[in-house]
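Working notes, structure below.
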Amino acid sequence: MIYHDVETAPLAELRTVQDERLRETAVHAHENVPFYRDALDAAGVAPEDVGVAALDRLPFTTKEDFREEYPDGLFAVPDAEIRRVHASSGTTGKPKIVAYTEGDLDRWRSVMARSLAAAGIEPGDTVQNAYGYGLFTGGLGFHAGIEALGATVVPTGGGDTARQLTMLEDLGSDALACTPSYCLYLAEFADERGVDPRELPVSTVTIGAEPFTDPMRAEIEGALGVTAIDVYGLSEVIGPGVSIECAHAQEGLHVWEDHFYPEVVDPETGAVLPEGEEGELVLTTLTKEALPVLRYRTGDVTSLTREPCACGRTAARMDNVTGRTDDLLVVRGVNVYVSQIEAAMVEFEAVAPHYRIDLRREGTMDTMAITVEHHAGYDGSSERLRERIAERLGASLDVAPDELTVVGPGEIERTEVGKAKRVYDHR
Ligand code: DLL
């Protein structure tokens with residue numbers, strides 16, 4: 001279902017809207033945020049001249065800037081106009097505090113409703129929302145969008161998996177919203193309770209908030225008998241609802257470009273990359289009042305395409321984010337991406353999609369230990385499986401793990417609330 005006409009607007013029309021909104025955003029940020037006034041002045045950019053064409057003349061905003069301006073240095077409106085704050089959980093240090101005016105909350109609701117409609121969810125459907133409620137943007141972001149679409153929200157929030165399962169079964173929810181790792185956990189939990197997860201009423205899950213590879217998605221779809229739709233967003237820009245796949249084609253995530261302008265840049269040089277090339281996603285908000293951000297370096301690795309989508313939507317699509325620029329684990333000077341390890345694991349039918357990576361330093365030497373779990377149904381030799389995985393990892397990684405352990409089902413700790421943690425860097 002197309003929720004808003006702008007989704008199928010001709011590109012030229014969209015450009016006009018973007019140009020106007022970019023200028024308004026730059027003027028607003030320059031007028032009200034000393035950080036942006038200084039940054040634009042230093043770059044010699046007059047905010048009235050800002051547009052899509054010369055956007056790369058604008059400096060970037062980084063996570064570091066959020067840290068330095070903590071908690072509210074980047075806010076662009078007086079406190080009295082702020083209706084809500086959220087915070088993103090940083091792995092280190094203080095979180096990033098983000099703010100919304102009444103208008104921001106309206107627009108967020110509406111991009112979320114649009115996203116859910118693109119995912120195939122319809123007014124009248126019931127959606128169980130298992131994203132955490134609270135400072136995290138997932139719970140309340142989805143909640144408002146589900147209601148705005150005219151669907152029924154079951155606000156279970158994160159955790160209490162027994163109750164999640166009961167609610168799903170008894171209320172007959174059509175859709176479920178949760179992280180990909182939680183989705184797998186729920187399927188496993190159901191199985192253990194003698195409930196066939198494929199018999200659950202849910203036909204769509206919207207998975208996001210953490211990276212996953214395509215084979216991991218296939219596991220989810222197979223385990224629950226659902227269509228798993230990738231939904232992306234981040235607190236600094238708004239929360240969930242920046243982009244989503246359409247159920248129609250499931251080929252890339254439609255970026256709601258009338259609100260968020262996407263670019264992909266070379267993470268090293270910052271140069272804007274052409275369509276199709278992989279790099280770091282940079283986002284500029286076009287309609288945010290409380291917290292406008294110009295050219296925000298998300299750290300998320302993806303590429304963009306403007307090829308028309310079979311669903312008729314005209315906005316740019318971004319590729320599934322399988323990693324972050326800082327997801328790179330440097331082990332003994334060699335680059336290893338978590339997604340490379342995940343992709344290798346999920347190729348094995350006997351291996352469950354749960355793993356952990358432990359990095360340590362012994363003396364001056366980095367060590368990497370990988371732990372994987374075999375499926376409950378696997379009755380072959382753990383040692384033989386271990387050898388095969390080691391061989392497979394050897395083919396794709398430039399550094400072999402120092403330790404590779406295959407453990408039994410359920411032995412790797414699951415994340416019931418929040419985002420899955422897979423990498424433990426003890427260095
Ligand atoms: O995770 C917002 C969200 C909630 C998105 C629910 C989707 C569903 P933050 O906590 O600020 O916001 O974390 C944002 O999570 O920069 C990515 O690294 C990662 N991320 C979010 N969605 C995806 C996704 C929410 N679909 C950070 N695929 C982002 C991969 C994702 N990574």
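In each ligand, atom 1 is the first atom listed, and ligand 1 is the first ligand listed. Bear in mind the structure is a predicted one, so any value in this text is a computation, not a measurement.
- Of the listed options A177, G208, G233, G233 places a heavy atom closest to atom 2 (C) of ligand 1.
- Here P240 has heavy atoms under 4.0 Å from ligand 1 in both its backbone and its side chain.
- Ion pairing between a basic and an acidic side chain is recognised when a charged N comes within 4.0 Å of a carboxylate O; R37 and E31 show no such pairing.
- Ring planes of H254 and W256: parallel class, angle under 30° (limits at 30 and 60°).
- In terms of modelled atom types and a separation under 3.5 Å, the side chain of R297 and the main chain of P267 share a donor-acceptor contact.
- Between H143 and Y133, the ring planes lie perpendicular to each other; the angle is over 60°, past the 30° to 60° tilted range.
- Residue D300 holds the heavy atom nearest to atom 29 (C) of ligand 1 of all those in I244, D300, T302.
- Between R427 and D425, at least one side-chain N (NZ, or NE/NH1/NH2) sits under 4.0 Å from a carboxylate O, which counts as a salt bridge.
- Here R324 has side-chain heavy atoms under 4.0 Å from ligand 1, and that is the only part of it that gets that close.
- Short contacts between ligand 1 and V321, defined as distances under 4.0 Å to a heavy atom of the residue, involve ligand atoms 28 (N), 30 (C).
- A cation-pi geometry, defined here as NZ or CZ lying under 6.0 Å from the six-membered ring centre and within 45° of its normal, holds between R422 and Y355.
- Atom 13 (O) of ligand 1 has as its closest protein heavy atom K419 NZ, 2.8 Å.
- Taking only nitrogen or oxygen atoms, main chain and side chain alike, S88 does not reach within less than 3.5 Å of ligand 1.
- Note: no N/O pair closer than 3.5 Å links Y131 and ligand 1 by distance alone.
- Close contacts of ligand 1 with F136, meaning ligand atoms under 4.0 Å from a residue heavy atom, involve 1 (O), 4 (C), 10 (O), 25 (C).
- Residue T179 does not touch ligand 1, judged by heavy-atom distances below 4.0 Å.
- Ligand 1 has an N or O atom lying under 3.5 Å from an N or O atom of D230, backbone or side chain.
- Counting heavy atoms closer than 4.0 Å to ligand 1, residue T137 contributes side-chain atoms (C-beta onward) but none from N, CA, C or O.
- Checking R114, R15, R313 one by one against D258, the salt bridge (Lys or Arg N to Asp or Glu O under 4.0 Å) holds for a single residue, R114.
- Atoms of ligand 1 lying under 4.0 Å from at least one heavy atom of L234, given by number and element, are 11 (O), 12 (O), 14 (C), 16 (O).
- The closest protein non-hydrogen atom to atom 11 (O) of ligand 1 is S235 OG, 2.5 Å.
- For ligand 1, the atoms closer than 4.0 angstrom to any heavy atom of V231 are 7 (C), 22 (N), 24 (C), 26 (N).
- For ligand 1, the polar-atom distance check against N320 finds no nitrogen or oxygen pair separated by under 3.5 Å.
- Nearest to atom 32 (N) of ligand 1 by heavy-atom distance, out of M112, K96, E210, is E210.
- Salt bridge annotation for R324-D300: present, with a cationic side-chain nitrogen under 4.0 angstrom from a carboxylate oxygen.
- The N/O atoms of A209, backbone and side chain alike, include one that comes under 3.5 Å of an N/O atom in ligand 1.
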Going by atom type alone, with no hydrogens or angles, which donor-acceptor pairs under 3.5 Å involve a side-chain atom of residues 233-244 and a protein atom two or more places apart or on another chain?
residue, atom, partner, partner atom, Å
E236, OE2, K63, NZ, 3.3
E236, OE2, Y296, OH, 2.6

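- By the 4.0 Å N-to-carboxylate-O rule, E245 lies close enough to R217 to be salt-bridged with it.
- Geometric assessment of K288 against the ring of F260 yields a negative cation-pi assignment under the 6.0 Å and 45° thresholds.
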